[in-house]
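What follows is a single structure, written as structure tokens, with notes after it.
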Amino acid sequence: MDETATNGLPRPPLEPATAPVVPERPTLDGLEGKWSALWAESGTYAFDRSADRSRVFAIDTPPPTVSGELHLGHVFSYTHTDTVARYRRMRGHEVFYPMGFDDNGLPTERRVQNYYGVLCDPGLRQDPSFVVPEKPEKHPVAISRPDFIDLCGRLVAEDEKAFEDLWRTLGLSVDWNHTYATIDTGARRASQRGFLHLLSNGHAYSTEAPTQWDVDFQSAVSQAEMEDRELPGAYHRLRFARVDGNGAVEIETTRPELLAACVALVAHPDDARYQPLFGTTVVTPLFGVAVPVLAHELADPEKGSGVAMICTFGDTTDVTWWRELSLPTRTIVGRNGRLKPVVWGDPGWESTDRTAADQAYGEIAGKTVAQARSRIVELLAAAGLMVGEAKPITHPVKFYEKGDRPLEIVSSRQWYVRTLPLRERLLERGRQLQWHPPYMVHRYEAWVEGLNSDWNISRQRYFGVPFPVWYRLNDEGEIDHDHPLVADESRLPVDPSSDVPDGFLEEQRGLPGGFVGDPDVMDTWATSSLTPQIAGHWADDPELFAKVFPMDLRPQSHEIIRTWLFSTVVRSELEHGSLPWAAAAISGWVLAPSGKKMSKSRGNVVTPLPLLQTHGSDGVRYWAASGRPGTDTAVDEGQMKVGRRLAIKILNASRFTLSRIAGGELPGPDAVVAPIDLAMLGDLARVVDEATAAFEGYDYARALERTEAFFWSFCDDYLELVKGRAYEDPSQAGPASARAALGLALSVLLRLLAPFVPFVTEEAWSWWHQGSIHRAPWPDVTEFPAAIVRGTVSGPEDSVLSVVAGVLGAVRRAKTTAKRSMRAPVARLTVVDDPARLALLAQAESDLRDAGGVIDLIMNSGPPDVGVELGEEDAG
RNA sequence: GGGCGCAUAGCUCAGCUGGUUAGAGCGCAGCCUUCACACGGCUGAGGUCGGGGGUUCGAGUCCCUCUGCGCCCACCA
């Protein structure tokens, strides 16, 4: 049975059917528990690493964030991937389908702090006597980073168990021998190894630079983690006096509190109004700092008065101006979001009126940005330095996507990956990737083209992967950032807060002439950008990694194209010089039943477990698989009910079909000779072709739609038409044809449906087969009767089946109109049609008589019409 | 401001390279109960495809334009 399928891979063997053993009353109840346990026990989805590389289909499964619960969106998109995985497995691929858990990062860190009542102090040494607090203390206990990470690990282990249970209930065909967590040893090793390679190849660097900073989280934030929010603000018009005494320059600003950080004014070089001012000097109001008036193209003559004040740093434009115009640094906003103390008169803080400056600044020092803003406006107004009233506006302000207060730009030391020089190569890689749906490539391209800074990968947090580097301290105790001491790869993973660099002793930590560890951890994307390497055991199992990388498929949602997909492409390009996968399948979002996006703040998040219990896993999967690739889909319990009904129908139709073919040997495909049987199988063969083509393009929804439509017509019409004939003497050609066709159709249909409704198809399959349907071969045209293989069966337009089904429909309509039972006999059926169609009808005349209860059948040539005369029902 | 996507029966959506009277499911209405399935079956009534223009023998299906919705990006003066 080891045939080669059209994709060049050996087909899995199709076990011959066994004598059917069908339960009296089939039920969906308990199928999830029964089959998920059996699949686990028999390793149905275990990856065979001895498989040839060409057979491997590897999936870069998205690791869900473990903080909190899985929601229906997860069920939705993971089902999509699972249908593809199951299809690939049946087509002869050895599917590498791991599962990860994203437990690295801020959300986990916050939960641990609250759950255990602890705070991480990276300055502390690991305490060997540390015990897990039973209850959170009133005041948080400070603990070392290794102990903190240990607690994080404990907490997420519980979540991960719950996740795995849900995934098994849903029927994901994941290989549970291949799991990882983004904070586990393997992930830390891979992250640190990847980082060291970036460092040694010159792709990573650290520098002190203006950094987007969340003042609450006290951490840097990368471009990808930022979002705009519309916030009310106001334009304040301020007057800067010219030092030559020739009047004043008026500027407009939404951030008057940064006046003390002003380092220049700027206008567009072509702006005639300000050209005479370029090169002159003005003085800041209140603080009396002399600043130049400069020209730069980014200044917009249309905005405000056409002149902007450049502060260090109000926004990213300020950073650009500061860099390109080589301006001095005069920062006043601290990392805590409050205004830092400043001594006017010190170098860099020269003022024409030191006393006034001190007095004004004293009013705002120590205040938050928002508080300082109101106060400074009062001071300006009181001093008559504001022109007119503030003009309220609404404008976009940058936030950390998880943050509550606007980002500030502070100066700090960070690690960066050089992505800006890669733009062209990354665009090329984007074009090489197969996108499903194809238009999703635009999101990637827009992002790459819009990159305006290198990728900041360091975060000032604790629960994350530490940078595997230390720094020497000179004799004055100053840190030498330019010559990091790196860990040897064989030692990874290391934690520089507790591990010691080679050649040093723990006693030298923090002392002049000694060393300090890098205090930061990596951005969560710096780790998750390596999911193919982590899942494939790049750092510790090169043989496995060679089998699975580059992977075949990255499934993910569209909103993280700019983060996860992008960063994975970057890392793969820099580490391996290749794409990380051949294709990316982008799923849409699940919307609340109202059609709105689900979010915790809206309180419309739908949890999956009750739905799985109510509609069954197959029912929920059916709903999920009906959602087109890349399309946002609303939660629809109606669709789940339909899915459940389909599952029940599969059980009953299988049972019924098996009752017809039971008893005696099932004839092979070439026993199918009756025209109507061949017509049905011809239709089915086309469905196989369509479903296969759809799956090849990752269009699982289309595959399901075609298969399901056929299945219902199979039940409604074909089964009704042949159920009588199939019961007749099996040694006769007619009954043998029906039985062979029924057996083949059921086998093919169950296999076509298996990726979508794995539980019910496995159940029905088990009634007449050994082994799992999920390791059976995907249906193939070679299984069909030779007549169909050669394509001699006509299309659905004029098939025996379609003509007969049409007449059967007319008979049913007549019975319904007459309010009679479907079992009512038809005394006389008169079919008028053209001779060709009548000839087709004649080929299935006895099946039609059986199914319709037809006594007399008259066929006349003429304009199409069906006349039905109902008879009296037998008393008996 | 730029880009992408979507607008087809009451609802959720199919309709692939343009071709006979536009499809499905849900919902709705009616009918049929024990011989696969009431966790059911059968039948039916509902759209002229967001508006306008164009190409074509022919357009829901291609082009232009307008409108509405959603998303992504953009230098917050």
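Chain A is the first sequence line, chain B the second, and so forth, proteins listed ahead of strands; every chain is numbered from 1. In this text, all values refer to a predicted model and were calculated from it rather than measured experimentally.
When rounded to the nearest whole Å, the span between CG of A/Leu704 and P of B/rA24 equals 17 Å. A straight line from NZ of A/Lys819 to C1' of B/rC32 spans 12 Å, rounded to a whole angstrom. In this structure, A/His436 places its NE2 atom 15 Å from C1' of B/rC16, rounding to the nearest Å. Between the P atom of B/rC69 and the CG atom of A/Leu591 lies a distance of 17 Å, rounded to the nearest Å. Atom P of nucleotide B/rG25 and atom CZ of A/Phe711 are separated by 14 Å, given to the nearest angstrom. Atom NE2 in A/His558 sits about 12 Å away from atom P in B/rC73, given to the nearest Å. Regarding A/Asp315, its CG atom lies at a distance of 14 Å from the P atom of B/rA74, rounded to whole Å. To the nearest angstrom, P of B/rC76 lies 10 Å from CH2 of A/Trp321.
The CZ atom of A/Phe656 lies 6.0 Å from the CG atom of A/Leu719; values are rounded to the nearest 0.5 Å. In this structure, the separation between CE on A/Met822 and NZ on A/Lys815 is 7.0 Å, given to the nearest 0.5 Å. Between the OG1 atom in A/Thr614 and the CD atom in A/Glu637 there is a gap of 6.5 Å [rounded to 0.5 Å]. Taking CH2 of A/Trp435 as the reference point, atom OH of A/Tyr444 lies at 7.0 Å (rounded to 0.5 Å). To the nearest 0.5 Å, atom CD1 of residue A/Ile648 and atom OG1 of residue A/Thr27 are 8.0 Å apart. If you take CG on A/Leu750 and OG on A/Ser654, they are separated by 4.5 Å, rounding to the nearest 0.5 Å.
Atom name P, nucleotides B/rG40 and B/rA14: the rounded distance is 26 Å, in whole Å. B/rG3 and B/rG44 are spaced 47 Å apart, taking the C1' atom of each and rounding to whole Å. Between B/rC39 and B/rU33, the two C1' atoms lie 15 Å apart (nearest whole Å). Here, B/rU17 and B/rC62 have their P atoms 7 Å apart, quoted to the whole Å. Atom name C1', nucleotides B/rU48 and B/rU21: the rounded distance is 12 Å, in whole Å. Taking atom C1' on both nucleotides, B/rG54 is separated from B/rG18 by 15 Å, rounded to a whole Å. Taking the C1' atoms as reference points, B/rG41 lies 44 Å from B/rG51, given to the whole Å. Comparing B/rC16 with B/rG23, their C1' atoms sit 15 Å apart, to the nearest whole Å.
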Practice problem: Would you check, one step at a time, whether the test side chain to side chain contact (heavy atoms under 4.5 Å, CB included) holds for A/Leu451 with A/Phe566? | Solution: CA-CA 11 Å; A/Leu451 285 177; A/Phe566 165 76; 3.7 Å; yes

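Looking at A/His80, A/Glu705, A/Arg628 one by one, the single match for side chain to side chain donor-acceptor pair (under 3.5 Å) with A/Tyr700 turns out to be A/His80. Just one residue in the list A/Asp300, A/Leu298, A/Val266 forms a side-chain contact (heavy atoms from CB on, under 4.5 Å) with A/Thr317, and that residue is A/Leu298.
Within 6.0 Å of atom CD in A/Glu559, more than 12 heavy atoms from other residues, nucleotides or ligands are found, so the atom counts as buried in its surroundings.
For A/Arg655 and A/Trp768, the positive end is not near the middle of the six-membered ring at less than 6.0 Å and at most 45° from its axis. Judged by a 6.0 Å distance limit and a 45° cone about the ring axis, A/Arg660 is positioned over the six-membered ring of A/Tyr727.
Looking at which nucleotide of RNA chain B each of A/Ile393 and A/Arg562 is closest to, the 5′-most match is held by A/Arg562. Mapping A/Gly314 and A/Val642 onto RNA chain B by nearest heavy atom places A/Val642 closer to the 5' end of the strand.
Residue-level contact check: A/Leu298 touches the bases, meaning some heavy atom is under 4.0 Å from a base atom. Heavy atoms of A/Thr320 sit nowhere under 4.0 angstrom from any nucleic acid atom. Residue contacts shown for A/Ala299 include a base, since a base heavy atom lies under 4.0 Å away.
Counting only distance, with no hydrogens or angles, the side chain of A/Asp699 and the backbone of A/Phe695 share no donor-acceptor pair below 3.5 Å.
For B/rG30, the base adopts the anti conformation, since its glycosidic angle falls more than 90 degrees from zero.
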Quiz item: In dot-bracket, 5' to 3', how would RNA chain B read with Watson-Crick or G-U wobble pairs under 3.5 Å, [ ] for crossing ones and | for pairs to another strand?
Solution: (((((((..((((.....[...)))).(((((.......))))).....(((((..]....))))))))))))....

Extract from the structure each pairing of a protein N or O with an N or O of nucleotides 3-14 of chain B at less than 3.5 Å, listing the distance.
{"from": "B/rA14", "atom 1": "O2'", "to": "A/Glu705", "atom 2": "OE1", "distance (Å)": "3.1"}
{"from": "B/rA14", "atom 1": "O2'", "to": "A/Glu705", "atom 2": "OE2", "distance (Å)": "2.8"}

Quiz item: If the sugar-phosphate is the primed atoms plus P, OP1 and OP2 and the base is the rest, what is the B/S/- string for nucleotides 36-42 of chain B, using protein heavy atoms under 4.0 Å?
Solution: BBSBSSB

